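As the structure is a computational prediction, the values presented were derived from the model and not from experiment.
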There are 2 protein chains.
Amino acid sequence: MTPHPRNGRAPSVKDVAAAAGVSLGTVSNVLNRPSVVSAATRERVERAMAELGFVRNESARQLRAGTSRALAYVMLDGGNPFFHDVAEGIETAAEAADLSLFVCNSNGRSDREAKHIDRLVQQRVQGILITPVDPDAGHLTEIAQRGIPFVLVDRFSRSGGHCSVAVDDVLGGRIAVEHLIDRGHRRVAFVGGPSSIGQVRERLQGARAVWAEFGMPEEDLIHLPTEAMTVNEGRSAGERLAGLPSRRRPTAAFCANDLLALGLLQHAVTAGLRVPDDLAIVGFDDIDFAAAAAVPLTSVRQPRQELGRTAARLVLDEATNPDHVHEQATFVPALVARASTGTVRR
Amino acid sequence: MTPHPRNGRAPSVKDVAAAAGVSLGTVSNVLNRPSVVSAATRERVERAMAELGFVRNESARQLRAGTSRALAYVMLDGGNPFFHDVAEGIETAAEAADLSLFVCNSNGRSDREAKHIDRLVQQRVQGILITPVDPDAGHLTEIAQRGIPFVLVDRFSRSGGHCSVAVDDVLGGRIAVEHLIDRGHRRVAFVGGPSSIGQVRERLQGARAVWAEFGMPEEDLIHLPTEAMTVNEGRSAGERLAGLPSRRRPTAAFCANDLLALGLLQHAVTAGLRVPDDLAIVGFDDIDFAAAAAVPLTSVRQPRQELGRTAARLVLDEATNPDHVHEQATFVPALVARASTGTVRR
DNA sequence: CACGCCGATTGAAACATTTCAAGTCCGTCC
DNA sequence: GGACGGACTTGAAATGTTTCAATCGGCGTG
């Protein structure tokens, strides 16, 4: 409470002990096992702590304990609200377990990701949750080798050497395209890239599978590759789409995420196309902005918060349960139909 | 490198020293002052570290050093991309100073904010950057009293007892409304709330000032209060706006942030209004989604990354410079005119 | 040959906390 | 009155790192 001036270091248990006239072990007991301390002493110690403005030193605590009381989530793209919602889910679970959550953002850069991981390992965090730039990168397996619990979020573990949490992206691709076929579309674009992203490949794979099952000609499902999954790239895909000769031009687009879809939507509206009549659009993720777009966006919903909560649960299990077995949690995506695919095509 | 099994604790400097056949002080020298160690010894030690998979224990380091190598940013609303861009700016500066950045999200909840701050103080972070729920709350002054460098971000310090970084919100309100008057609007709505938020008050104040200067009747600048600054609230403000009798209904709206503006825009489009002809809209912040909206949004731009960079600079100055004096950095907002206010009204 | 110097290395102390075996004090029971 | 038990408190050890004064060994100089 008392302003403690810049005189020197922050008060420690030792100072509190001196002020309260007890041993330092007793102060520690007040902190960690209040029930074993007599009421009178406890009160005296608590008053001393308040007076000095004592705050536990987490480093010392950690040093003694050997591990920190924190989880970490390294997210792929801070600009994509999807990852925020995932982080919220993780935070909820962390809070329930009385752990802190460090949120880091690699912003798609592998070097930044590695740097963050380095620091987290140095901090001895209890576990690392990560949506990696490249799920097969070496520094990931290194984490596991160190014995640090870790979970892939929104990515699958190919090797099975650790836990992962994701939705079934192939299925997601299927339901998106089936919805479009259902609405009467016979020429559809798949917008997304780069193909190095597993998600992009799988969503496309699902799209192609259902396309073939309905007996559509392969060349009528057109892949418009993008450099990244951003609004800007979506806009540029829109330009390319508009540039196609009209007999080849798709009447609908399935975008690998909502940012692309929003960019595409914006381009379409600017170019004077009516959505969905001239161009229907389906996104992926169902971020809040999707519902809020000027033409509310049909999207494939991922249970974002639950993804996060489950990931946190798995990493905590790995951290605390000696019989832990790695688990690949898979969620089922669901189509949320809105105005951007609203009408059945004649 | 070598997978170190779950046998026990992670290797420490002591283990490295033993493996390399040197004293533990030498290992520390290799880590912190490589130049004083002979090349041969250094190499031997480095090999031992690699073999054992040694990673510095940051807690011990911190304990000894008395302070951590980290800054923290407690943001107000993880769902608002504006704060992300600010965080990016901070991270850039932190990276340059070789510090970690912990990003926390209070999500507008005072209790969560307090909890985060508690943990950060326990971690002995070097400085705290915060966009607080309430800039006058007690726990903020407590931070300062503890002697922890801290900076208000996107808020002004009323007391002047600490640094702050923000744009001139009154001016922001002025240029937004002046732009609308310029476009021929004679009845304008201000959408924003709650009034407990300083920003809302100041933007409204600027709006009113310029309104009066142009000799407009006070009652033609209508305040539509909202409960929060979200897309949803923007939509609901749209409904209220549509419900006004037509002779009272504004032809333009100035929203206290872009999320509100996007919500309002969405409602307008859904309701069949043409933007900007039936309703012109100005937002605030100029987040990326503003430009990407179906009708690109005119907005008052804040230098978001620079806000973050400056805040980081100030907190570092407070942390390292004994002659530090508190500074209220003020930036000038700029209007970015786009389609949502595109035409001059007859 | 003794001396001092220099570069390289060492050992011990310090940081703040937690834990735990050992200790003290007091009352009760035989 | 002495022993025992229980409630409470204590002191020391341990955690991993950094720092710094001290030491060591070798070499050149007087």
**OP:** Rounded to the nearest angstrom, tell me the gap between atom CD in A:Gln123 and atom C1' in D:dT15.
**Re:** 17 Å
Original post:
Of B:Arg64 and B:Thr41, whose nearest nucleotide on DNA chain C comes first from the 5' end?
Top reply: B:Thr41
**OP:** Establish, with yes or no, whether the OP1 or OP2 oxygen of D:dT17 is under 4.0 angstrom from a side-chain nitrogen or oxygen of B:Asn57.
**Re:** no
Subject >> Whole-Å gap separating P (C:dA13) and CG (B:Leu63) >> reply: 17 Å
Original post:
Does one side chain, of B:Gln123 or A:Asn57, offer a donor that lies under 3.5 Å from an acceptor on the other?
Top reply: no
Subject >> Test item: B:Arg69 side-chain N/O and B:Ser100 main-chain N/O as donor-acceptor pair under 3.5 Å >> reply: no
Original post:
Rounded to the nearest 0.5 Å, what separation is found between the CD1 atom of B:Ile90 and the CG atom of B:Leu71?
Top reply: 8.5 Å
Original post:
With a 4.0 Å cut-off on heavy atoms, is A:Val55 in touch with a base, just the backbone sugar-phosphate, or nothing at all?
Top reply: sugar-phosphate
**OP:** Pick base, sugar-phosphate or nothing for A:Asn29, based on heavy-atom distances below 4.0 Å to the nucleic acid.
**Re:** base
**OP:** Would you tell me if any nitrogen or oxygen in the side chain of B:Ser38 comes within less than 4.0 Å of OP1 or OP2 on C:dT9?
**Re:** yes
**OP:** Starting at atom CD of B:Glu58, determine the distance to atom C1' of D:dG16, rounded to an integer number of angstrom.
**Re:** 12 Å
Original post:
Separation of A:Arg56 atom CZ from C:dT19 atom C1', in whole Å?
Top reply: 14 Å
**OP:** Verify the contact: side-chain N or O of A:Arg33 to OP1 or OP2 of C:dT19, cut-off strictly under 4.0 Å; return yes or no.
**Re:** yes
Original post:
Under 4.0 angstrom, heavy atoms only, what part of the nucleic acid is A:Ser12 near: base, sugar-phosphate, or nothing?
Top reply: sugar-phosphate
**OP:** Report the distance from atom CZ of B:Arg61 to atom C1' of D:dT18, rounded to the nearest whole Å.
**Re:** 9 Å
Original post:
Between C:dT19 atom C1' and A:Leu24 atom CG, what is the distance in whole Å?
Top reply: 12 Å
**OP:** Whole angstrom is fine here: how far is it from CG in B:Asp15 over to P in D:dT15?
**Re:** 11 Å
**OP:** Take atom CG of A:Asn32 and atom P of C:dT17, then tell me their distance rounded to the nearest Å.
**Re:** 11 Å
**OP:** Kindly check if the number of other-residue, nucleotide or ligand heavy atoms within 6.0 Å of CD (B:Glu95) is above 12?
**Re:** yes
Original post:
Is A:Ser28 touching bases, backbone alone, or none of the nucleic acid, heavy atoms closer than 4.0 Å?
Top reply: base
**OP:** Choose from C:dT9, D:dG11, C:dT10 the nucleotide whose nearest atom is closest to any side-chain atom of B:Val36.
**Re:** C:dT9
**OP:** Give a yes or no answer on whether the side chain of A:Ser164 reaches the backbone of A:Leu152 with a donor-acceptor pair at less than 3.5 Å.
**Re:** no
